[in-house]
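Just so it is clear: chains get the letters A, B, ... in the order the sequence lines come, proteins before strands, and each one is counted from 1.
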Amino acid sequence: MSEKKYIDIEFSQLDSERMRLFMGPQHPSTHGVLQLEVELDGEIVTDLIPHIGYLHRCFEKHAENMTYPQIIPYIDRLDYISSMNNELPYVMGLEKMLDIQVSEKVEYIRVIFSELNRIANHQIAIATFGLDSGAFTPFLYYFRDREMILTIFEKASGGRLLYNYFWVGGLAADVHPTFKEDITEAIRIIRDTNAEILNLLLKNKIFIDRTANVGILPADIAISYGVTGPILRASGIPLDLRKAEPYSIYERFDFDIPVGNGEVGTVGDCWDRNIVRFREMEESCKIIEQALKTFPSQGDVRENVPKRIRLPKGEIYCKAENPKGELGFYIISDGKDKPERVKVRAPSFVNLSALPEMSRGYMFADLVMILGSVDIVLGEVDR
Amino acid sequence: MKPNEIFKELKVHFGEEITELVENPSSDTYISVKPEKIDEICRFLRDNDAFKFDFLTLLSGLDLKEKLGIVYHLYSMELKHRLVLKTEVPKDSPNLPSLVRVWRTADWHEREAFDMFGINFQGHHNLIRILCPYDWEGYPLRKDYKEPEEYHGNRVPY
């Protein structure tokens with residue numbers, strides 16, 4: 001029998017070279033075509049440079065050559081998993097410039113569908129984040145539930161992902177007869193699943209170990225970087241445009257703004273960003289329930305849709321709270337039927353610019369978690 | 001605080017740099033300023049306790065035929081008010097100071113304005129293209145932009 005050998009390793013003597021690693025654009029955890037140029041010291045991220053633009057199609061140039069209603073389908077394709085929310089600020093801005101009042105029923109349907117789409121977006125955000133951290137089951141549960149929301153949208157608009165449903169002055173079509181029952185049933189199932197996911201994923205010891213105290217973004221740096229949405233709220237700042245500058249009919253509903261408070265780690269870490277999204281889903285359910293109670297079922301949703309849209313000379317910045325942050329359109333009109341300029345304030349683009357600040361000093365494996373917690377959609381980053 | 005009050009206050013501190021207050025019933029009110037000292041004006045708006053504009057919402061470039069325009073949308077988290085600043089630079093020398101040291105979010109916004117309009121933000125630490133490929137030629141959102149026939153041997157389909 002041979003003698004057992006021990007190998008002595010002096011860990012401080014191990015080589016830890018600085019190296020430059022390219023992650024993406026085809027890497028599965030970059031959630032699309034994003035390239036991250038990572039500078040590593042051993043396993044520690046010392047610097048990070050995002051290279052974007054792989055999905056760039058110059059939406060703003062296209063918009064200058066199209067009439068105002070023709071732009072709406074393109075806006076669907078910016079952030080393609082929350083299309084209803086995208087259309088809302090654009091049509092609200094045009095209605096303000098044209099001085100069109102939309103009916104009560106239209107406002108109610110817009111709010112209900114925006115909130116349903118917010119739930120669908122957060123379901124994807126938490127599901128794919130769980131997938132990044134190695135939890136496969138929540139992904140299946142959430143995608144099963146999201147299907148019900150997509151079916152409701154399909155019955156109303158005909159599209160499952162890209163709707164072209166909110167029109168200037170109204171909606172493309174009225175809702176289907178079983179609209180109320182469908183949504184009530186969907187909310188019941190969403191709440192059941194959420195109760196399960198809370199224990200399965202968010203309160204899971206392994207999940208907390210991977211996400212608590214990782215990717216901390218302090219509030220002052222978040223503001224300097226212009227970060228909005230759940231990421232800003234996770235850093236402890238309760239800014240939500242639905243409350244701060246209420247639009248549509250949001251001031252009629254009673255809901256809270258969840259903020260991160262560092263329950264398991266530090267304020268503004270990856271876990272906080274996910275729990276904020278998770279709690280926002282419940283707030284959206286509350287808004288939808290209240291809206292369904294007072295929903296006016298009479299009325300024509302297309303009575304105020306103008307035949308031809310010709311904006312007066314002027315400019316407007318219209319914004320709304322998207323699931324990812326403040327989505328704004330800066331529209332300049334010179335009196336023709338096509339816009340002079342449409343500039344998009346894309347929340348994902350701005351939030352992604354804070355990624356190097358969030359990930360410096362963490363391990364390379366944590367980078368995947370930090371990127372997942374930002375919840376970007378490359379269609380909106382690259383436009 | 002209303003834009004006309006901010007305009008009066010700015011006029012006291014910067015005088016000739018602040019050109020005019022443009023009010024139009026169907027659109028947003030904005031303050032027009034000269035480009036040379038835009039960084040000092042913005043730093044003043046950020047640090048003064050009466051304004052506290054700590055949030056740069058949007059920075060957009062514009063093509064105004066003879067000139068290029070830059071529009072800043074500001075917001076204050078604490079006081080919940082908004083302000084629009086507009087400035088113009090000539091097309092043959094589109095230079096103005098960068099705001100990266102005032103708000104860090106200006107970094108990517110200014111790179112986008114450089115990419116799309118060729119506006120040169122002086123003092124920016126890394127003014128390179130962001131959405132187009134790094135070796136792309138021309139500034140796509142200018143009104144007189146001509147699409148190239150081909151790029152690296154591939155035909156450009158538009």
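- Within a 6.0 Å sphere centred on CD of Glu150(B), heavy atoms belonging to other residues, nucleotides or ligands number more than 12.
- Counting heavy atoms of neighbouring residues, nucleotides and ligands inside a 6.0 Å radius, atom CD of Gln101(A) does not exceed 12 of them.
- At a threshold of 4.5 Å between non-hydrogen side-chain atoms, the residues Leu56(B) and Tyr225(A) do not count as touching.
- Residue Ile49(A): no heavy atom, backbone or side chain, is found under 4.5 Å from chain B.
- Arg104(B) places a side-chain heavy atom less than 4.5 Å from the side chain of Ile221(A).
- The local environment of CZ in Arg101(B) is sparse, with at most 12 non-hydrogen atoms from other residues, nucleotides or ligands closer than 6.0 Å.
- Side-chain contact between Lys143(B) and Glu64(A) is present, with at least one heavy-atom pair separated by less than 4.5 Å.
- The distance from the CZ atom of Phe349(A) to the CD atom of Glu112(B) is 4.5 Å, given to the nearest 0.5 Å.
- The two residues Cys58(A) and Leu141(B) come nearest to each other via the heavy atoms SG-CD2, 4.3 Å.
- The shortest side-chain heavy-atom distance between Arg142(B) and Lys61(A) does not fall under the 4.5 Å cut-off.
- Shown here for Leu131(B) and Ile52(A), the closest heavy-atom pair between the two residues is CD2-CD1, 4.0 Å.
- The side-chain heavy atoms of Arg341(A) and Ser60(B), taken from C-beta on, include a pair separated by under 4.5 Å.
- Counting heavy atoms from C-beta on, the side chains of Tyr317(A) and Val84(B) never come closer than 4.5 Å.
- For Tyr54(A), no part lies near chain B; criterion is any non-hydrogen pair under 4.5 Å.
- Chain B forms more heavy-atom pairs under 4.5 Å with one residue of Ile316(A), Ile237(A), Asp99(A), Leu98(A) than with any other, namely Ile316(A).
- The minimum heavy-atom distance linking Arg345(A) with Thr57(B) is given by the pair NE-O, 2.8 Å.
- Here Glu60(A) is the residue among Lys313(A), Glu60(A), Met97(A), Lys96(A) with the most heavy-atom pairs under 4.5 Å with chain B.
- Here His73(B) is the residue among Arg46(B), His73(B), Lys80(B) with the most heavy-atom pairs under 4.5 Å with chain A.
- To the nearest 0.5 Å, atoms CE (Met77(B)) and CG (Asp220(A)) are separated by 11.5 Å.
- Between Trp108(B) and Pro50(A) the shortest side-chain heavy-atom distance falls below 4.5 Å.
- Taking OG of Ser353(A) as the start and CZ of Arg111(B) as the end, the distance is 10.0 Å to the nearest 0.5 Å.
- Within 6.0 Å of the CD atom in Gln122(B), the count of heavy atoms belonging to other residues, nucleotides or ligands exceeds 12.
- Leu311(A) does not touch chain B: none of its heavy atoms, backbone or side chain, sits under 4.5 Å away.
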* Give the intermediate values and the outcome of side chain to side chain contact (heavy atoms under 4.5 Å, CB included) for residues Lys343(A) and Met116(B). => CA-CA 12 Å; Lys343(A) 164 83 187 171; Met116(B) 295 296 156; over 6 Å; no

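- At a 4.5 Å heavy-atom cutoff, the contact between Asp63(B) and chain A is made by backbone atoms alone.
- Side chains of Glu315(A) and Leu62(B) form no contact here, defined as non-hydrogen atoms less than 4.5 Å apart.
- Atom-to-atom distance recorded for Tyr75(B):OH and Ile223(A):CD1 is 10.5 Å, nearest 0.5 angstrom.
- Remark: Arg82(B) engages Glu326(A) in a salt bridge, criterion side-chain N to carboxylate O under 4.0 Å.
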